[in-house]
Amino acid sequence: MSIFGFIYQYMDNFAFLILAAIGLAVIFGMMGIINLAHGEFIMLGAYITTLATMAGIPLFISIALSALLVGIYGFIIDRLIISKLYGRTLDSVVATWGISMIMAQGMLIIFGPSIQGVGTPLGSLSIGGENYSVYRILLFVIAIAVLGVIYWVFMHTKFGLQSRATMQSQEIARSLGVNTNKVYSLTFMLGAAFAGLTGGLYAPTMAVSPSFGNSFLMQSFVTVIVGGSNPLIGTFLSGGVLGFVNSALNMIWGTFYGRLGLLIVAIIVIRLIPLGFSGLVEKKLMRGRDA
Amino acid sequence: MNTSKIKLNTENIVGIVMFIGLFVYPLFVSSYQVLNLSYFLSMVFLSMSLALIWGFCGIFSFGQAAFFGIGGYFYAILTMNIGISAFTPVGLIVGVLVGAAIAWVLGYFMFYGGVNDVFVGLITLCLTVVLETFMGQTAGSEWKIGEIGLGGFNGIDGIPTISFGSFMLTGINFYYFILFILLVVYVGLRYLGISKFGYTAIAIRENRERTKLFGYNVPKYQTTIFAIGGGLASLSGILYATWGSYITPSSFGLTAATLPVVLVAAAGRKNITASVIFTIAYYWFSQSLSASGSEYALVILGLGLVLVILFVPEGIVVALFKWIDQLVFSRIRKKPTIKLKEKEKVHGHSIN
Amino acid sequence: MNQLKNSNIFLVLTLLLSLFLAACSSGSSASDGSEEKIKLGVLEDVSGDFSLVGVQKLHGTQLAVEEINENGGLLGKEVEIIAPDTQSDNTRYQEMARKLILDDKVDAIMGAYSSASREAIRPIMEKNEMLYFYNNQYEGGVASKYTFATGAIPEHQIETLVEAMMEEYGSRFYTISADYNFGQISADWFRTIVEERGGEIVNEEFIPLGESQFGSTISRINEAKPDVLVTLLVGQEQSSFYGQWALEGNTDIPMATTVNMVQGYEHLRYEAPALANMYVTATFMEELASENETAKEFVDKFYEKFPDDEYVGMEAEAQYSGVKLWAKAVEQAGTTETDAVIEALESGITYDGPAGPVTIDPATHHAIRDVYLAYSDKEHNITFPRKWEAVEPYWLSTEKGVNLAEKDDFSQYTPID
Amino acid sequence: MDTVLTRSANKVSVKSILELKNLGKYFGGIRAVDGVDLSIREGELHCLIGPNGAGKSTIFKMIMGVYEPSVGSVYFEGKDITKKKNWERADMGLSIKMQIPGVFGELSVYDNMRIATQKHTKLAKMDEEITKLLDLMDVRHLKNEIVNNLSHGQQQWLEIAMSLACKPRLLLLDEPAAGMGPEETEFTAQLVRKLNKEGITILFIDHDMDFVRQIAQKVTVLHFGQKFAEGTISEIESNEEVVQIYLGNG
């Protein structure tokens with residue numbers, strides 16, 4: 001494989017891990033809620049994009065629509081269910097598991113086991129006799145842009161400030177007049193919107209079915225575990241490292257070892273640095289906070 | 001309060017009635033229903049293993065499915081390689097011990113390394129999925145242990161039933177065998193709840209750091225409990241494997257890993273009786289739904305779980321126990337809360 | 001506070017109970033006065049990963065049974081289908097197989113899609129001496145007294161496919177297959193047959209189930225530059241390969257498969273040219289309607305009964321023909337008693353199916369069938385450049401010495417045993 | 001209450017039971033505890049005072065092994081216990097009542113006591129021991145109550161009873177009278193003196209100078225993580241600098 005081939009693989013893996021994980025990371029990192037329905041949120045995004053494109057809406061607008069609608073859907077789910085479970089990590093596991101069952105089977109009932117897919121746009125690029133999908137390169141750019149958006153939201157908006165405060169200490173934030181419930185709701189909505197975006201982005205590259213989200217679930221969990229609670233630093237570093245591990249093992253020994261490698265790295269990381277990469281970075285950068 | 005006596009409350013009455021019911025059940029139903037209930041009962045051990053480590057000791061694990069699978073696979077490979085039916089009970093015991101030993105090693109690795117809470121959940125989840133990924137790709141003929149191919153996604157077939165000499169544990173015998181073990185384990189776990197060891201586990205669940213300061217070697221207790229849980233999950237896997245003569249990597253899957261957590265949480269994780277009852281009810285309910293061929297089965301199950309967690313977060317069975325307790329037994333027993341209110345006035349320092 | 005909590009519990013309980021009753025009422029209503037009926041158990045996935053094919057197969061059964069009942073039933077009795085949902089879950093298959101046999105006391109069972117689910121229930125069938133039809137394309141090799149396989153097997157699909165591809169394109173093959181038993185054994189078949197014919201397998205890759213990202217696989221294929229790319233991918237996730245291949249792969253290389261298009265109608269579900277330049281060997285597919293009058297009749301009947309369905313694939317036809325074969329054998333035996341029906345099935349029984357005659361080979365319990373080579377062009381138009389008539393499932397009997405009509409057997413053989 | 005009388009009733013040996021040598025704890029750049037030397041003699045009733053953030057609770061946590069010191073060492077009865085696990089320290093005779101009550105709120109008073117007691121008392125004698133300790137704290141009537149329903153003062157007493165169940169030779173009390181009314185504070189003061197008389201060395205932290213005056217024999221003042229002054233209560237109260245930095249602020 002050529003050097004560029006490897007770089008392309010790496011970019012591809014990196015984008016996949018980042019986009020798979022980001023919605024989960026935002027919700028887990030900021031709210032401490034493990035969203036087992038994350039895969040189904042992604043699946044919902046894929047359906048929206050596919051159906052909208054079929055209805056004649058241009059693909060990229062459909063994708064934006066996915067993010068928007070899944071975000072709104074997330075907001076509704078939060079108001080109805082998740083908001084009753086703030087601070088109860090393990091109960092939220094049960095509830096989101098129930099939600100995922102309802103969504104996957106509900107989608108099967110409504111649209112059947114599969115819907116017609118949308119082709120991957122933008123064609124391919126030929127370098128050194130090999131073809132590279134332009135759309136996949138774009139996905140890499142979008143993954144980086146998503147991280148940029150998160151940086152901007154959390155560092156430069158009022159919501160970001162409030163949510164960082166809430167993440168540090170809910171009680172202190174509340175005593176400072178932050179409406180923490182509102183922050184949580186918006187965070188969940190944001191996480192859901194990212195999941196919807198991911199679903200929309202990958203819908204043209206994959207088979208769209210009620211089990212669409214399963215393709216992302218393992219990778220997203222591993223990325224979040226390795227990354228730790230800070231959705232920005234954690235996801236970025238863990239996507240970078242895991243993307244490399246995955247691409248390298250995949251290239252040398254094949255797909256199975258690439259996948260196994262991800263899981264083994266995750267186990268080692270939790271054992272050595274339970275708070276993940278972001279925990280490590282925060283410890284180094286912001287000493288003194290744990291006093 | 002004298003904890004060593006059996007109290008008259010809903011949980012105990014239901015527990016006793018349940019076991020009497022299970023003992024006489026085969027008299028009234030077809031052999032199919034007995035066989036079916038044997039399957040549900042084998043899965044009860046898996047729930048109990050999680051109720052033990054999570055409910056009692058506060059260790060949140062997605063890994064019980066891993067020990068379940070390890071038990072099933074180990075039993076299959078061992079007994080099928082040896083091929084003597086008289087050996088099967090030994091296979092059962094060794095399988096349980098191996099499950100416990102592996103859990104012990106994993107527990108040692110985690111608890112002595114200071115891994116706790118949700119991170120235990122995550123590490124065990126990864127481990128379970130590793131096992132599934134690994135076993136799923138062992139379809140090739142090069143994956144053999146002794147004479148037995150691991151079989152990849154299809155799993156291992158033709159796992160021998162447990163037999164004592166020429167006495168085969170099939171049908172009704174198998175049912176009573178499981179029921180007997182269930183009774184022993186259930187009584188054991190209930191006893192554990194009032195034993196010194198059980199109190200330590202509860203203390204660790206309530207406040208790990210504080211418990212250390214009372215002189216308890218917390219990692220040691222956690223590791224031990226985790227190992228017992230691993231053994232129980234392994235037992236469950238072995239019984240399941242002998243029930244269907246069959247084990248596959250899907251017993252390690254994401255679904256399999258999360259289901260015990262969901263069942264125990266929905267039942268009420270601090271209560272063994274609740275998880276036993278709820279597990280049986282869940283399997284029966286979901287099977288009936290499946291048998292009806294209804295495509296709404298999974299939707300109904302999911303909706304049920306969400307409702308339970310929203311409205312009865314302490315667990316539906318536990319909530320029911322409390323409700324009946326209040327309804328029936330509060331008239332027999334006097335309420336201690338009244339006394340407290342008076343005392344609070346004296347000291348004038350109520351925290352609420 | 002307590003008051004409120006109590007009423008909540010009550011509310012939830014009532015809700016759960018009513019949900020349960022609602023779900024069960026549909027299941028239990030069928031049990032009265034059923035002594036007069038012949039019961040056919042069907043185990044197919046209506047939900048879960050495999051429902052894409054499972055639903056087609058269930059509908060195939062329902063169509064066949066409806067036709068039988070309209071023509072006066074079997075032995076003068078009405079045929080009733082009992083079809084629990086196996087939810088793409090192998091343990092569920094076991095539970096439901098037991099229920100059908102022990103509780104519902106069905107006369108025969110049809111079903112299972114994946115090899116794993118078949119292997120989960122086959123021992124139960126054997127133990128309970130239950131007549132079982134596996135109407136599905138598979139990796140071949142099952143020799144069991146109680147099992148009849150009416151779908152396509154390697155003799156039908158792989159030998160023909162290798163023959164056609166070698167004649168047309170060359171002898172260097174690259175296989176990528178799902179990493180489980182079906183994929184492994186099918187890849188072994190390809191290797192055995194390609195090498196027998198003097199060809200070469202340049203690489204063999206096994207893809208974990210559920211994988212949806214194929215970047216590195218595609219670049220390896222591009223590098224190896226095979227004459228033919230064999231794709232034995234299974235499941236929704238893995239079918240993402242084609243879209244990715246169309247963009248990044250060297251699409252001059254023809255793809256050859258035994259599973260795609262015919263089962264999951266990927267050529268309709270994906271935008272062209274994802275499946276361009278793909279060959280598949282089929283015993284049936286919906287597009288045969290343009291070639292063949294009986295096929296057209298079948299497809300029309302199917303859509304008339306199930307207007308919302310999206311495709312009538314190979315397995316729907318296999319299941320349909322399986323039911324018809326069983327019915328014919330029951331009529332011939334004059335009873336539903338298992339041994340008598342098996343004897344009738346072993347008499348060289350034949351049914352004129354939608355895509356040509358389906359005949360049971362007594363020695364192997366597999367079907368003798370016509371095979372079509374289907375080709376998808378850049379616009380996903382399907383043509384049938386070639387046809388083989390009455391391809392026999394010879395391998396078990398000639399290579400492994402199996403003769404189920406003479407001697408009982410309960411095992412699965414593989415090409416590299 | 002005559003403080004002189006109580007003091008003379010104690011026998012303070014010259015042997016030190018606890019010694020801290022150059023003990024320090026740094027959180028990043030902040031030095032919460034910065035090189036403290038401290039010696040507690042057997043039988044003493046010693047108080048640590050100092051403004052908020054002076055590092056008192058951090059020292060307690062290092063003595064119990066909850067925090068690992070950044071520098072320095074802890075000696076208990078002449079043995080270096082700096083590297084010992086917290087449960088090993090508890091077994092050696094160290095026990096603590098924490099600042100935020102370290103009781104098991106979801107459990108009953110009896111269950112709390114049982115957890116503390118069963119490790120150090122034979123099962124047959126356990127109920128007897130529990131009753132004795134609850135009587136000592138005057139909370140026996142609450143035996144079956146859930147701890148979260150107890151008042152703050154009752155929870156504090158319960159925790160003292162629990163730490164006594166560990167049969168300590170050195171008892172650390174972190175603000176034993178915090179949040180109590182005058183009656184309750186008085187009860188606690190009597191209790192502490194009584195325990196000390198029975199031979200338990202006690203090191204405690206408190207802000208309430210009346211309370212400290214009632215019971216402490218010796219006082220150590222901490223300021224910004226360092227030892228600022230040490231002496232009898234009258235010596236401390238007459239130290240101008242101490243009054244300025246701490247007592248003056250009230």
Side-chain angles (χ1 to χ4, degrees), chain B residues 30-36 39 43 133 136-141 151-159 240 243-246 248-251 253 255-256 283 285-301 303-304 307-308 310-312 314 316 319-320 322-323 326-327, chain C residues 2 5-6 8-13 15-16 19-20 22-28 46-48 51 58 82-87 89-92 94-96 98-99 101-104 114-116 118-120 122-124 127 178-185 188 206 208-210 414 416-417:
Chain B
S30 70
S31 62
Y32 160 72
Q33 274 154 326
V34 173
L35 187 72
N36 210 19
Y39 163 57
M43 304 311 284
T133 311
Q137 59 85 52
T138 56
S141 46
F153 186 70
N154 285 18
I156 299 178
D157 233 326
I159 298 169
Y240 168 78
W243 172 82
S245 304
Y246 175 69
T248 70
S250 55
S251 51
T255 315
Y283 275 94
F285 182 63
S286 83
Q287 196 187 59
S288 313
L289 284 174
S290 166
S292 74
S294 163
E295 54 182 354
Y296 290 95
L298 296 173
V299 175
I300 292 170
L301 276 179
L303 198 62
L307 289 176
V308 163
L310 279 184
F311 294 106
V312 275
E314 58 188 327
I316 191 156
L320 272 177
K322 281 194 181 163
W323 187 49
Q326 264 175 19
L327 218 66
Chain C
N2 268 333
K5 236 182 179 172
N6 287 346
N8 274 341
I9 297 169
F10 187 72
L11 191 88
V12 170
L13 275 180
L15 237 159
L16 288 177
L19 287 175
F20 177 67
C24 288
S25 58
S26 60
S28 52
V46 178
S47 52
S51 51
L58 178 64
I82 301 177
D85 176 10
T86 40
Q87 298 171 338
D89 173 349
N90 295 335
T91 300
R92 204 56 103 193
Q94 289 200 315
E95 289 170 42
M96 290 304 141
R98 289 202 161 104
K99 179 180 171 294
I101 297 169
L102 300 172
D103 204 30
D104 298 320
S114 74
S115 304
R118 181 200 66 237
E119 288 306 297
R122 194 164 59 85
I124 298 173
K127 198 169 152 195
D179 195 357
Y180 80 117
N181 304 54
F182 164 76
Q184 291 262 4
I185 295 174
D188 286 346
F206 296 102
L209 288 172
T414 58
I416 52 164
D417 277 338

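All values derive from a computational prediction rather than experimental measurement. To find a chain, count down the sequence lines: A is the first, B the second, and so on, and within it residues start at 1.
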Do Gln94(C) side-chain atoms and Ala120(C) backbone N/O form a donor-acceptor pair below 3.5 Å? yes
Please classify the contact of Pro208(C) with chain B as side chain, backbone, both or neither, using a heavy-atom distance under 4.5 Å. neither
Just by distance, do the side chain of Trp243(B) and the backbone of Leu35(B) share a donor-acceptor pair under 3.5 Å? yes
Leu310(B) versus chain C, the contacting section by heavy-atom distance below 4.5 Å: neither
Relative to chain C, which of Gly158(B), Gly151(B), Ser251(B) shows the most heavy atom pairs under 4.5 Å? Gly151(B)
Over 60° means perpendicular and under 30° means parallel, so tell me whether Tyr39(B) and Tyr240(B) are parallel, tilted or perpendicular. tilted
Top contributor to chain B contacts, counting heavy-atom pairs under 4.5 Å, from Glu119(C), Arg122(C), Lys127(C): Glu119(C)
What part of Arg98(C) is in contact with chain B, defined as an atom under 4.5 angstrom from a non-hydrogen atom: side chain, backbone, both or neither? both
Is the closest side-chain heavy-atom distance between Asn154(B) and Ser115(C) below 4.5 Å? yes
Taking the side chain as everything from C-beta on, heavy atoms only, tell me whether Asp188(C) gets closer than 4.5 Å to Thr414(C). no
Chain B contacts, top residue of Asn90(C), Asp103(C), Ile124(C) (heavy-atom pairs, under 4.5 Å): Asp103(C)
